[in-house]
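Each remark here refers to the structure printed beneath this line.
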Amino acid sequence: VTSPTSRVSLVRYLMTRILLCVVPIVGVGVGVHWWFQERLLEQQFDAGLVERATTLATLITRDGEALRFEFADEFMPQYAREERPYFFQIRHPDGRSFERSYSLRGEDLPFLHGPLDAPAHFETVLQRGVRVRCVGIEFPERLDARPDAAHPASVVVVLGADALELHDVLRRGYREVAITGFVSLAAIAAFVTLTLRRGARLLGSVVREVERIEPGSLGRPIELERVPEEIRPIVGALNGSLESIHGYVERERRFTADVAHELRTPITELRVAAELALKWPDDASTARLARDAHAIALQMGALVESLLELATLESDDHRGREEPFDLVALVEQTIDSALRTERDTAARRGGGREVALDAPQRLMLVGEPRLWEVVVRNLLDNALCYSSPGAPIAVSLRADGDGARLCVSNPTVSLDQEGARRCTERLWRGTARVGSDLHFGLGLSIVQAACARLRQELDVRLEQDVFHATIARGQARPASSSRDRARAGHDLDPQRSSTST
Amino acid sequence: MRLLVVEDSPRLQELLEAGFRRAGFAVDVVGDGPRALAFARRGHYDVVVLDLMLPGLDGLEVLRALRSGGHDVNVLVLTARHTVEERVKGLQLGADDYLQKPFSFDELLARVHALVRRKYGSKGAAVVVGYLVVDTVKRRVTWRELDVPLTRRELQILEYLSRRRGATVTRAEIEDHVYGERNLPESNAIESAISCIRRKLRVLGAPAEELLQTRHGVGYCLDERGAP
């Protein structure tokens, strides 16, 4: 219907198309009708000629060997008048002329004829320019059309009439049909236009509904009951899009509120520390302010870093370098690094931490090792932060198709099934603020975003107070290409277990 | 006056504890819901400063449990959330005041003072007992407009006695409202502090024994009838 750059009116388009269809149909209909009318008029005209010729034939009698024509001008003035006269010529079968009307003024009519049941109809033009439509009939020896007639001789009667009248009638008829056709077409065009405009008003009501949509009313769909059935799929699709946009806007609003909420506590700390230092200025309060300000800056910086990490992973522009790497080695290094970072906190919280790794000797993958590091590091940090001090953390790693299956398990601190269901929501920490100030409830969201890049899926579940976070090959997205699979070598050496502390 | 500060952020806990102590309050601090409920039920706090986001038990649940148990301690709710619904819910559950993060410590202090005044039925910041004036905001005590040089602990005791002027206050009540859980007094600390207050009042010519009476075997009473 539309080209990308043109502005097309649907009403004009439909009207044009309908008229382009209707005009030929009406034209052909009128033409056929006119053709039949013309034939009918000609037949009626010709039938009149035949009747007149037959009448003339009944006036012919045989008188011995001679023929006699009993014609009286006073009874048939039409054969003598100047204005639109009738013409006739009676001939013998061999063509000799026997009698002709005065209106012919001595001219001959063409000697064309046929039997009574198939007379010859033709037109000719007299020398004085009169166009004459004729019928030529050869009447047999005995003509029984008139029972009272004598025994007529076999003669050929050619009878004509001025065709001007016929052509006048035909012309009038043609004009009437043409006018009727034009009026009909105009009426059809007007009706079609009116109907389409009325139909377009329904579209207008939908347009007004759409125009009323504002950022605050995205959640209210357009009522389908008030929409014409034909455009319900469009409005339905529009409602679907609005719902998606509403969901997106709502998520963004919640996210903004959550970020603001996350920042409120450190800002409060900073403000109270500064106010106390100003209210009771001494060395101790100044030192506390400096220490707190530094810690708060680190905390807010960590929050910003986490948000940026999440934004980068969710960005369509993210393009990392893929390369073959050993996932087992990467996991071991990440565990060591996480434990080093955790060591101070763990000591502060009353004991060292233990991470048990159950993995094959090697597990070669082709992918972005940085993404895998992000996944493993965040899962480990999550487990270290949200588990009891000294509680064991278990990491298991297996090949899974052309990806890997990684599971991190840890006993939980105050997490229920509702918490397990919501723990992948951004900035969600439930009511638990435990562990380091550098955790904001973004870890599992980051893992989820990284998994989407790795064509893996994150599954979390809580079983008997043990939290399991499992990364496995995703089903929703297609697996990597066969070329990638060929490049990935899965070394399934005998299992090994190791423990890092 | 004795406060319970319930806040899950360790840093904010420390800051609020330090600030309230400097402002003359006895402060107990807890960081989770269950301990907050246990402390509030057990202690005789003048005000509970309660954060809503708490591990273990949500702040609103703590408030609900306190009110359903018949505890009428004044509760000032702190929250990082800002929705009207949440504020209304908190107030409907029995919160006496509401303060949204980030807040000014001075505002928090003023609101806590207001709740303390409301509890003891006084309108202004200063409590007047005859010629004795105890200004709880300026942290100043005067006798006939002469400053009484009191220590922080003495000021706290006198402030509490002035809030309950005319009533006999037991030694245990003074302990509850002036000393925190982590700063329990020595066995004769209160008697010693009362003695010091009387001595400092006498220096200024005040009838200390009549003003700050000892009810033997019961406690102490700051009585205006004893003041000229």
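All values reported here derive from a predicted model rather than from experimental measurement. Proteins come first, then strands; the chains are lettered A, B, ... in the order of their sequence lines, and each starts at number 1.
By the ring pair (Phe, Tyr, Trp, His ring centres under 6.0 Å) test, B:Phe103 pairs with no residue at all, sequence neighbours left out.
The nearest pair of heavy atoms linking B:Leu15 to A:Leu276 is O-CD1, 3.2 Å. Of all non-hydrogen atoms in A:Arg271 and B:Pro102, the two that sit nearest each other are NH1-O, 3.6 Å.
Heavy atoms of A:Ile267 lying under 4.5 Å from chain B belong to its backbone as well as its side chain. With a 4.5 angstrom heavy-atom cutoff, B:Asp106 touches chain A via backbone and side-chain atoms both.
Open room surrounds CZ on A:Arg220; 12 or fewer heavy atoms of other groups in view lie less than 6.0 Å from it. Counting heavy atoms of neighbouring residues, nucleotides and ligands inside a 6.0 Å radius, atom CD of A:Glu463 exceeds 12 of them. Surrounding CD of A:Glu243 are at most 12 heavy atoms belonging to other residues, nucleotides or ligands under 6.0 Å away. No more than 12 heavy atoms of other residues, nucleotides or ligands lie within 6.0 Å of OH in A:Tyr248, so this atom counts as exposed by the packing criterion.
Remark: of the listed residues A:Thr268, A:Thr265, A:Leu270, A:Ile296, A:Ile296 is the sole one forming a side chain to side chain contact (heavy atoms under 4.5 Å, CB included) with B:Arg11.
At a threshold of 4.5 Å between non-hydrogen side-chain atoms, the residues A:Glu275 and B:Leu109 do not count as touching.
For the atom pair CE of B:Met53 and CZ of A:Arg264, the computed distance is 12.5 Å after rounding to the nearest 0.5 Å.
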